[in-house]
Amino acid sequence: MNRLKDQFESIIGPAIQDRRDLLSKHGDDVVGEIKVSQVYGGMRGMLSMICETSKLDVNEGIRFRGYSIPELQEKLPKYPGGSEPLPEGVFYLMLMGELPTEDDVRRVSNQWIRRSTVPPHVFKVIDALPEHTHPMTQFSAAITALRTESEFAKAYRDGINKKKYWEPTYEDAMNLIARLPRIAAYIYRRTYHNGDHIEPDPKLDWSGNFAHMLGFDGDEFKELMRLYMTIHSDHEGGNVSAHATHLVGSALSDAYLSFAAGMNGLAGPLHGLANQEVVRWLLEMRSELGGGMPTKEQIAAYCKKTLADGKVIPGFGHAVLRKTDPRYTAQREFAQKHMPDNELFQIVSKVYEVVPPILEATGKVKNPWPNVDAHSGVLLMKYGLVEYDFYTVLFGVSRSLGVLTNLIWDRATGSPIERPGSISTKLLREKLENK
Ligand SMILES: CC(C)(COP(=O)(O)OP(=O)(O)OC[C@H]1O[C@@H](n2cnc3c(N)ncnc32)[C@H](O)[C@@H]1OP(=O)(O)O)[C@@H](O)C(=O)NCCC(=O)NCCS
């Protein structure tokens with residue numbers, strides 16, 4: 001028996017009816033206008049897709065099914081003795097639209113343990129790549145290789161009725177989420193620890209077991225992983241990794257192909273790779289300034305040099321947010337609790353004071369405040385996970401929760417193939433000027 005799957009099935013019908021009602025009442029209503037600047041500007045702010053799992057408010061930040069990060073920290077079940085939310089809980093919340101009980105969360109944990117065996121050929125694919133291959137490339141290749149296991153691909157070939165698409169998609173999503181920590185840990189140990197792999201511990205939760213397989217068995221690091229995996233899991237539908245997963249999935253590509261596409265987007269430096277870039281930038285700054293604790297004046301001068309060199313200050317700015325990212329704040333609070341005297345944390349805190357006015361002074365940066373990536377690396381460094389090229393893989397493991405939940409919802413509600421229009425500059429000019 002798969003209770004979560006049954007519970008999910010019971011909410012599909014009402015959700016479809018709800019959409020039908022909305023469409024029949026308001027199908028021709030207008031929800032926005034499109035400016036030429038948006039057509040050229042990366043579709044910024046253009047309302048154009050449905051995402052049930054989370055919503056980003058420009059000032060307040062992310063809400064998962066209506067719950068803010070502090071609310072999740074308060075309301076989601078914790079690991080025994082722990083104080084951070086379990087990501088199994090945010091997954092349940094995103095899928096079902098309501099807060100889970102302790103039992104619900106335990107069942108998700110158990111499901112993922114049961115499904116976590118990775119077939120040997122995936123490890124062979126990873127091992128076939130040169131060791132210096134970026135961890136995100138290894139991750140993406142492994143996810144694509146795991147596609148041999150897709151139940152959706154098999155069911156489609158066997159002629160599944162479209163009303164049932166969600167079922168094998170649910171299975172694919174659950175299997176993939178269950179296996180990602182093992183794959184990620186394998187890449188980490190292979191790349192940085194001479195292939196000295198660590199067997200999973202099925203008694204642990206999803207994040208605790210991930211930390212264990214990476215080689216970090218301390219309770220504090222496990223708590224950090226639970227927080228990290230929860231807060232990076234979703235950021236509404238339009239960010240590159242979510243949108244890429246949705247777009248590729250809209251062609252009925254299975255969860256493996258769709259998620260690999262999302263991960264290839266996450267690997268870009270303006271998106272998920274920013275977390276490694278932040279640490280690289282901080283360490284380079286410290287070493288160029290002679291080591292130790294830089295003064296605010298030195299940090300300001302270094303930031304101005306970064307901008308003068310035509311580079312971005314990683315970890316600052318956002319396409320939607322206009323305030324400090326609550327994911328930054330949650331990590332800052334974790335640091336204040338567990339590592340207030342850590343030198344890199346103190347540098348990050350100083351950077352937080354120095355950078356916003358400098359970015360504001362450029363007159364063009366719309367959001368001078370820090371985002372999630374400005375803080376995550378420093379926490380990982382403190383516990384010894386210093387190989388920052390690996391950080392985006394951690395982000396990717398977490399992001400699977402949101403984007404794959406959305407894929408299940410896409411299949412359950414019969415979401416159509418995505419096909420926006422495009423136009424050449426010449427034709428656009430004719431359209432605008434010859435009317
Ligand atoms: C996140 C990001 C890609 C959003 O881009 P955006 O929506 O185009 O942002 P804006 O509208 O504010 O950009 C306007 C200008 O300010 C610049 N800008 C924005 N954030 C900047 C930053 N942190 N450092 C320097 N310049 C920045 C942009 O590059 C752009 O410059 P241009 O007009 O010369 O091309 C951008 O803020 C950025 O590059 N940040 C650093 C990378 C990062 O932390 N990414 C992780 C995001 S969670």
Side-chain angles (χ1 to χ4, degrees), residues 1-17 19-20 49-53 91-92 94-97 107-108 110-122 125 139-183 206 237 241-264 396-397 399-419:
M1 190 186 92
N2 187 335
R3 191 167 148 159
L4 180 59
K5 193 172 171 186
D6 295 342
Q7 284 175 318
F8 179 68
E9 183 166 25
S10 73
I11 62 172
I12 296 175
I16 292 177
Q17 194 50 49
R19 288 176 177 217
R20 279 200 191 122
M49 70 184 90
I50 297 294
C51 170
E52 306 289 5
T53 50
F91 171 77
Y92 182 100
M94 288 192 287
L95 184 71
M96 296 301 298
R107 270 193 290 270
V108 173
N110 291 342
Q111 278 282 327
W112 289 349
I113 288 162
R114 209 167 54 69
R115 295 165 181 263
S116 63
T117 306
V118 176
H121 75 269
V122 173
V125 167
F139 194 50
S140 167
I143 294 160
T144 306
L146 194 55
R147 186 184 178 232
T148 47
E149 312 307 295
S150 173
E151 298 200 14
F152 179 85
K154 181 175 178 308
Y156 192 84
R157 185 180 272 244
D158 292 344
I160 186 174
N161 185 306
K162 57 168 71 169
K163 290 203 179 78
K164 293 281 178 197
Y165 283 171
W166 73 269
E167 282 201 48
T169 302
Y170 173 91
E171 297 299 335
D172 281 354
M174 291 292 275
N175 289 338
L176 182 47
I177 292 169
R179 291 165 191 181
L180 288 173
R182 179 87 166 107
I183 291 172
W206 188 66
S241 53
H243 190 193
T245 306
H246 170 75
L247 169 65
V248 172
S250 83
L252 291 186
S253 303
D254 59 59
Y256 299 88
L257 292 174
S258 308
F259 183 61
M263 290 303 95
N264 289 338
V397 173
R399 190 44 65 94
S400 68
L401 304 180
V403 301
L404 291 173
T405 304
N406 271 299
L407 197 68
I408 299 171
W409 270 103
D410 287 344
R411 292 288 172 275
T413 52
S415 177
I417 186 164
E418 203 174 274
R419 180 51 172 99

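Quick caveat: nothing in here was measured; it's all calculated off a predicted structure.
The shortest distance between side-chain heavy atoms of Trp206 and Val108 does not fall below 4.5 Å. Considering only heavy atoms from C-beta on, Leu401 comes within 4.5 Å of Met94 through its side chain. Between Pro119 and Leu146, the closest side-chain pair of non-hydrogen atoms falls below 4.5 Å.
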For this session: Let me see the working for Phe139 and Val397 under side chain to side chain contact (heavy atoms under 4.5 Å, CB included), right down to the final yes or no.
Result: CA-CA 10 Å; Phe139 194 50; Val397 173; 3.9 Å; yes

Problem set entry | Derivation of the side chain to side chain contact (heavy atoms under 4.5 Å, CB included) call for Leu4 and Gln111 | CA-CA 9 Å; Leu4 180 59; Gln111 278 282 327; 5.9 Å; no

Exercise. Where do Ile408 and Met174 land on the side chain to side chain contact (heavy atoms under 4.5 Å, CB included) test, with the steps shown first?
Worked result: CA-CA 10 Å; Ile408 299 171; Met174 291 292 275; 5.7 Å; no

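Across all non-hydrogen atoms, the minimal contact from Ile12 to Ala412 is CG2-O, 3.7 Å. The shortest non-hydrogen separation linking Val403 to Ala242 is CG1-CA, 3.5 Å. Closest non-hydrogen pair, Ala145 versus Val125, comes out as CB-CG2, 3.7 Å. Between Gly249 and Leu407, the shortest heavy-atom distance links the atoms CA-CD1, 3.8 Å. The two residues Pro416 and Ser250 have their closest heavy-atom pair at O-CB, 3.6 Å. Minimum heavy-atom separation, Gly262 to Ala244: CA-CB, 3.9 Å.
Shown here is Ile50, whose CD1 atom has no more than 12 heavy atoms of other residues, nucleotides or ligands within 6.0 Å.
Annotation: the span from Asp172 atom CG to Arg411 atom CZ amounts to 10.0 Å, rounded to 0.5 Å. Taking CZ from Arg3 and CG from Asn110, the interatomic distance works out to 12.5 Å, rounded to the nearest 0.5 Å. Remark: Asn2 CG to Gln7 CD distance equals 9.5 Å, nearest 0.5 Å. Once rounded to the nearest 0.5 Å, the distance linking CG of Asp410 with CG of Leu252 reads 10.0 Å. The CG atom of Asn264 sits 3.5 Å away from the OG atom of Ser140 when rounded to the nearest 0.5 Å. Atom CD1 in Ile177 sits 13.0 Å away from atom OG in Ser116 (nearest 0.5 Å).
For Arg399 and Ser241, the side-chain atoms include at least one donor-acceptor pair closer than 3.5 Å.
Side chain of Arg179 to backbone of Arg115: a donor-acceptor contact under 3.5 angstrom is found.
Listed by chain and residue number, Asp234, Asn406 satisfy the side chain to side chain donor-acceptor pair (under 3.5 Å) test with Thr53 (two or more places apart in sequence, or in another chain). Glu418 meets the side chain to side chain donor-acceptor pair (under 3.5 Å) test with His243, His246; sequence neighbours excluded. Residues forming a salt bridge (Lys or Arg N to Asp or Glu O under 4.0 Å) with Arg19 (at least two apart in sequence, or on another chain): Glu52. Taking the ring pair (Phe, Tyr, Trp, His ring centres under 6.0 Å) definition, one finds that Phe91 meets it with Trp112, sequence neighbours left out. Here Ala261 pairs with Val248 under the side chain to side chain contact (heavy atoms under 4.5 Å, CB included) rule; sequence neighbours left out. Arg107 pairs by the salt bridge (Lys or Arg N to Asp or Glu O under 4.0 Å) definition with Asp104, not counting sequence neighbours. Residues passing the side chain to side chain donor-acceptor pair (under 3.5 Å) test with Thr405: none are found, sequence neighbours excluded. With sequence neighbours left out, the side chain to side chain donor-acceptor pair (under 3.5 Å) criterion links Thr117 to no other residue. For Glu167, the salt bridge (Lys or Arg N to Asp or Glu O under 4.0 Å) partners at least two apart in sequence or on another chain are Lys5, Lys164.
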For residues 151-163, run the donor-acceptor check on the side chains, cut-off 3.5 Å, and write out each pair with its distance to 0.1 Å, sequence neighbours left out.
{"unit_1": "Lys154", "atom_1": "NZ", "unit_2": "Asp158", "atom_2": "OD2", "d": "3.2"}
{"unit_1": "Asn161", "atom_1": "OD1", "unit_2": "Lys163", "atom_2": "N", "d": "2.9"}

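In summary, of the residues considered (Trp166, Phe8, Tyr165), a ring pair (Phe, Tyr, Trp, His ring centres under 6.0 Å) with Trp409 occurs for Phe8 alone.
For residues 253-262, the set of pairs meeting the side chain to side chain donor-acceptor pair (under 3.5 Å) definition, not counting sequence neighbours, comprises Arg147-Asp254.
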